[in-house]
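Shown next, in structure tokens, is the structure this report addresses.
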Amino acid sequence: MSSGIHSVQHEDRIFPPPADFAARMGTLHVPDLATYQSMHERSIRDPEGFWGDVAKDFHWFKPWSKVLEWNLPDAKWFVGGQTNACFNAVDRQVEAGHGDEVAIIWEGEPNAAGPHGHEVRHITYRQLRDEVARCAAALESLGVKKGDVVTLYMGMVPELAVAVLACARIGAPHSVIFGGFAAQAIVDRVQDAQSTVIVTCDGAHRRGTVVPLKANVDAACERLPDVRHVLVLRRTGTDVPMKAGRDVWWHDVVAKQPTTRACEPVDAEHPLFLLYTSGSTGKPKGILHTTGGYMVFTAATARWTFNLVPNSGQVYFCTADLGWITGHSYIVYGLLPNRVPTLMYEGAPNWPGDDRFWSIVARHKVTHFYTAPTAIRSFMRWGDRHPAKHDLSSLRVLGTVGEPINPEAWIWYHEKIGGGRCPIVDTMWQTETGGHIITPLPGATPTVPGSCTLPMFGVDAAVVDDHGHEQPANTGGLLVIRKPWPGMLRGIHGDRQRFIDTYFSRVKGMYLAGDGARRDQRGYFWIMGRIDDVLNVSGHRLGTAEVESSLVGSKLVVEAAVVGMPHEIKGTGIAAFCVLHPDHAANADENMRKRLMEHVARDIGAIARPDMIRFTNGLPKTRSGKIMRRLLRDIAAGKETTQDTTTLEDFNVLAKLRESDEA
Ligand code: WT7
């Protein structure tokens, strides 16, 4: 299991929901722990009854005939039903008379310090519906048909949410690529998805500079002969070349469409989207989510976890990018059906100052704030004076996601941001789970800093050994889910075997999350870190194999091993051990380190840039040729290794690594 600064295992501070929380919220969906327990018990005993009741609150063009069909590892939810996720997010609100309520609040990055003040848009459900309908028609005019994968590579602009919903509207699965990824990442994903239409922006504002999104797409398209159209939104005004016949402007094509394109009824199991995420080997895998179960699960979990109350003055701000599952589930799909405005912010948390988020919270009277532990550690480092400058009294519920939170960060968040009065929901989930699988409910669950507490409704989570037997209290084991839940992935695009191998092989009959965990005497879950070669860098998942193949791809390196190392802000940093090509072996210096770091950042994206590179003449391997990663992790962490190294093929290798330790 990966070591980190936050594998905290002893913590007895307990924070019950504040006494006046219920009064402040008006309505509590789950008012106490006993209600949670009886609802959870029913959801596991009778999942069809439970989820059938939940799904009744949504619009179905055709009702389902069976709530669940489970043929391990294949789950089908709401079988025979027809619905549309865009309809339930947007059109339904307009048809029910809520068209003038605000659906999306958007704030751009630039101008915050400029003469024009902040750039803010309030988009109502009606305006959103019309723009989504136009975008849907525009995509169809570019040849997109039901079932075609549309790639979205954009900044955090409202039009990204519009494009996502437009795809859902016509039944074309979207594949959003995080704007921080580079050209190679676009190539891999577009090829794997066989996508022929890309939507992008001329550029994206980020920390006062412009990320050249269109230029990255152009570079990728040189290796993507099958891309027929690129739809380009003008955002930054950057001068970009437009390839005749292929590239078209959003303001030319979308603006002129009618708003008449209605939502396409699709089967409950129709693909809604692919989202690529890192695994332990090979290329990123396209996680497949389908329509009905994902739609119901994300909207219902958003309502329970954040205690969302429609049109009640709540304003919800999740700081994630739409390029990750958090943005899909808890900025767009889970939020819009709940009629609580979802705030999208375009830029960096520290632009133009380190208080940007707090300024947003104060100006928009944000009630719900959802971010990652790595961000909280940065806020702590930037200093208490930044939140102290702003009125944060509107806040009611705080959330975290992406990695375990260390208790220091939890307490700081609770006091300095939440003013001691806001429950913190530490939400544990994955790209694959679609939505929250283990989390406190703010009005019901007493919280303990560092624990994600108890399973979500319908989620039969457990900590087991390799045979599927539950571990006793306070004993580490494998995190599994023993029954299907509506938001679970339906597959890995184009790789049935990898789907089975990764999630349904190691422990028979159960979904394997890939995390180590334990439950304490209260039954609370504590996540102990990944059990595979996946790193969690600043709450983002990265396969060690991807970074290794990028390093070797530089041609400067013949062999590389990448492991995680403790990092104060990122949680886990990236350490790379490299054997240089003989032609370059003499240049094992600072310059070479920089060159390799830059290479990886350009190749995959800045989040993959190694924090440390060590040169070595060889990698420590077992007699069977396996790289001894545990040893490398210890060396990267600066730990004196205590383990038996007699299986090392070459003791000299270890000695050499130790030597460079001194350097
Ligand atoms: C991995 C999933 C779900 C959106 C963000 C990440 C880790 C996630 C927590 C948490 C401890 C967490 C796990 C998981 N993780 N949330 N609250 N406490 N660990 O999605 O990229 O699919 O990564 O993130 O290791 O397996 P992802």
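Bear in mind that the values here come from a model prediction, so they are computed numbers and not experimental data. Nothing fancy with the numbering, it's 1 onward along the sequence. Order of listing sets the numbers, starting from 1, for every ligand and every atom in it.
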Exercise. Please lay out, stage by stage, how T319 and F369 fare under the test side-chain contact (heavy atoms from CB on, under 4.5 Å).
Key: CA-CA 8 Å; T319 69; F369 182 76; 3.6 Å; yes

Would you tabulate the side-chain donor-acceptor contacts of residues 506-513 under 3.5 Å, counting partners in other chains and residues two or more places apart, or write 'none'?
from, atom 1, to, atom 2, distance (Å)
R506, NE, D466, OD1, 2.7
R506, NH2, D466, OD2, 3.4
Y511, OH, Q430, OE1, 2.7

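Cation-pi geometry between R189 and F181 is met: under 6.0 angstrom from the ring centre, within 45 degrees of the axis.
With sequence neighbours excluded, the residues forming a side chain to side chain contact (heavy atoms under 4.5 Å, CB included) with A161 are I104, L322, V332, M344, listed by chain and number.
Summarising the geometry of T200 relative to M154, their closest heavy-atom pair is CA-CG, 3.8 Å, with the distance given to 0.1 Å.
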N/O pairs closer than 3.5 Å, ligand 1 and protein:
from, atom 1, to, atom 2, distance (Å)
ligand 1, 15 (N), G402, O, 3.3
ligand 1, 16 (N), G402, N, 3.1
ligand 1, 17 (N), D426, OD1, 2.7
ligand 1, 17 (N), T427, O, 2.8
ligand 1, 18 (N), E403, O, 3.4
ligand 1, 22 (O), T431, N, 2.7
ligand 1, 22 (O), T431, OG1, 2.6
ligand 1, 22 (O), R541, NH1, 2.9
ligand 1, 24 (O), G402, O, 3.3
ligand 1, 24 (O), N536, ND2, 3.4
ligand 1, 25 (O), D515, OD1, 2.6
ligand 1, 25 (O), D515, OD2, 3.3
ligand 1, 26 (O), Q430, NE2, 2.9
ligand 1, 26 (O), D515, OD2, 2.4
ligand 1, 26 (O), R530, NH1, 2.8

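Within the structure, salt bridge (Lys or Arg N to Asp or Glu O under 4.0 Å) contacts touching residues 283-301 (residues at least two apart or in different chains) are D188-K283.
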